[in-house]
Amino acid sequence: QVQLVESGGGLVQAGGSLRLSCAPSGRTFWNYAMGWFRQAPGKEREFVAAISWRGVSTYYADSVKGRFTISRDNGKNTVYLQMNSLKPEDTAVYYCAAMRTGSSYYTASSYDYWGQGTQVTVSS
């Protein structure tokens, strides 16, 4: 069974940093585009960042542009989300997702596989 496993979440003060990791089990995802989404309590899941399967192209939500960086290491079969200058409004469960076909990077329904999520809490 294919599974994406996120790690690296936790509690951090505003202005701090965290690095999330996503590693699949059951198969490799070197030829999949990868994305990060988040969902805060009472809100819909929203796009955060995505990276093409070659890692050449990256995409960001306006709310995180300049603070977050998505990257991938296909040799390690791992995707990362480096989060700097964190704000309380970044508090959410963060989900990793994999997309096989060339659909919209920004839309959750485009993605074929999802992780269980990792909690990120930013205190003020």
Side-chain angles (χ1 to χ4, degrees):
Q1 182 177 355
V2 176
Q3 187 176 5
L4 297 174
V5 180
E6 303 97 336
S7 62
L11 173 64
V12 64
Q13 288 188 332
S17 298
L18 284 173
R19 188 177 80 158
L20 305 183
S21 299
C22 172
S25 63
R27 63 164 297 154
T28 60
F29 280 84
W30 65 268
N31 58 339
Y32 279 65
M34 301 296 293
W36 287 95
F37 287 75
R38 67 186 181 186
Q39 188 167 17
K43 295 187 178 182
E44 293 187 355
R45 190 169 299 190
E46 64 174 1
F47 170 78
V48 176
I51 188 167
S52 62
W53 71 272
R54 291 182 177 179
V56 173
S57 300
T58 56
Y59 309 85
Y60 296 96
D62 288 342
S63 58
V64 306
K65 203 170 292 184
R67 300 188 297 123
F68 291 11
T69 302
I70 188 171
S71 61
R72 65 189 301 162
D73 185 336
N74 285 342
K76 295 182 178 180
N77 208 28
T78 302
V79 177
Y80 305 97
L81 184 68
Q82 177 67 44
M83 305 186 296
N84 299 328
S85 302
L86 282 161
K87 305 175 181 180
E89 51 263 44
D90 294 318
T91 295
V93 177
Y94 283 70
Y95 296 91
C96 173
M99 177 173 67
R100 178 63 183 93
T101 59
S103 301
S104 169
Y105 289 95
Y106 302 92
T107 306
S109 60
S110 297
Y111 291 78
D112 302 292
Y113 300 99
W114 290 85
Q116 294 300 308
T118 184
Q119 177 70 47
V120 172
T121 303
V122 184
S123 63
S124 58

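The closest side-chain heavy-atom distance from L11 to Q119 is not below 4.5 Å. In this structure, the side chains of W36 and C96 come closer than 4.5 Å at one or more pairs of heavy atoms. Contact check for D90 versus M83: no side-chain heavy atoms found under the 4.5 Å cut-off. Inter-residue side-chain proximity for F29 and N77 is flagged as met; some heavy-atom pair is nearer than 4.5 Å.
One distance of note links OH of Y32 with CH2 of W53; it measures 13.0 Å at 0.5 Å rounding. To the nearest 0.5 Å, the span separating CG on L4 from CD on Q116 amounts to 9.5 Å. In this structure, CG in L86 is found 5.0 Å from CZ in F68, a value given to the nearest 0.5 Å. With values rounded to the nearest 0.5 angstrom, L81 atom CG is found 7.5 Å from Y60 atom OH. A distance of 9.0 Å separates OH of Y111 from CE of M34, quoted to the nearest 0.5 Å. For the atom pair CZ of R72 and SG of C22, the computed distance is 9.5 Å after rounding to the nearest 0.5 Å.
A donor atom on one side chain and an acceptor atom on the other are found under 3.5 Å apart for R38 and Y94.
S17 and N84 make their closest contact through OG-OD1, 2.9 Å (heavy atoms, listed as atom of the first residue, atom of the second, distance). When all heavy atoms of A40 and A92 are compared, the closest pair comes out as N-CB, 3.8 Å. Across every non-hydrogen atom of S124 and P88, the tightest pair is CB-CG, 3.8 Å. When all heavy atoms of R67 and S85 are compared, the pair lying nearest together is NH1-O, 2.9 Å.
Formation of a donor-acceptor pair under 3.5 Å by the T121 side chain with backbone atoms of T91 is not found in this model. In this structure, T107 contributes its side chain and S109 its backbone to no donor-acceptor pair below 3.5 Å. Under the 3.5 Å distance criterion, the side-chain polar atoms of S52 are matched with a main-chain donor or acceptor of S57.
With a 6.0 Å cutoff to the six-membered ring centre and a 45° limit on the axis angle, R45 does not count as a cation-pi contact of F37.
Counted within 6.0 Å of NZ on K43, heavy atoms from surrounding residues, nucleotides or ligands total 12 or fewer; the atom is thus considered open. Summarising the local packing, CD of E46 is surrounded by more than 12 heavy atoms from other residues, nucleotides or ligands at distances under 6.0 Å.
Y80 and L18 fall into different hydrophobic clusters, where Ile, Leu, Val, Met, Phe, Trp and Tyr are joined by side-chain heavy atoms under 4.5 Å apart, directly or via other members.
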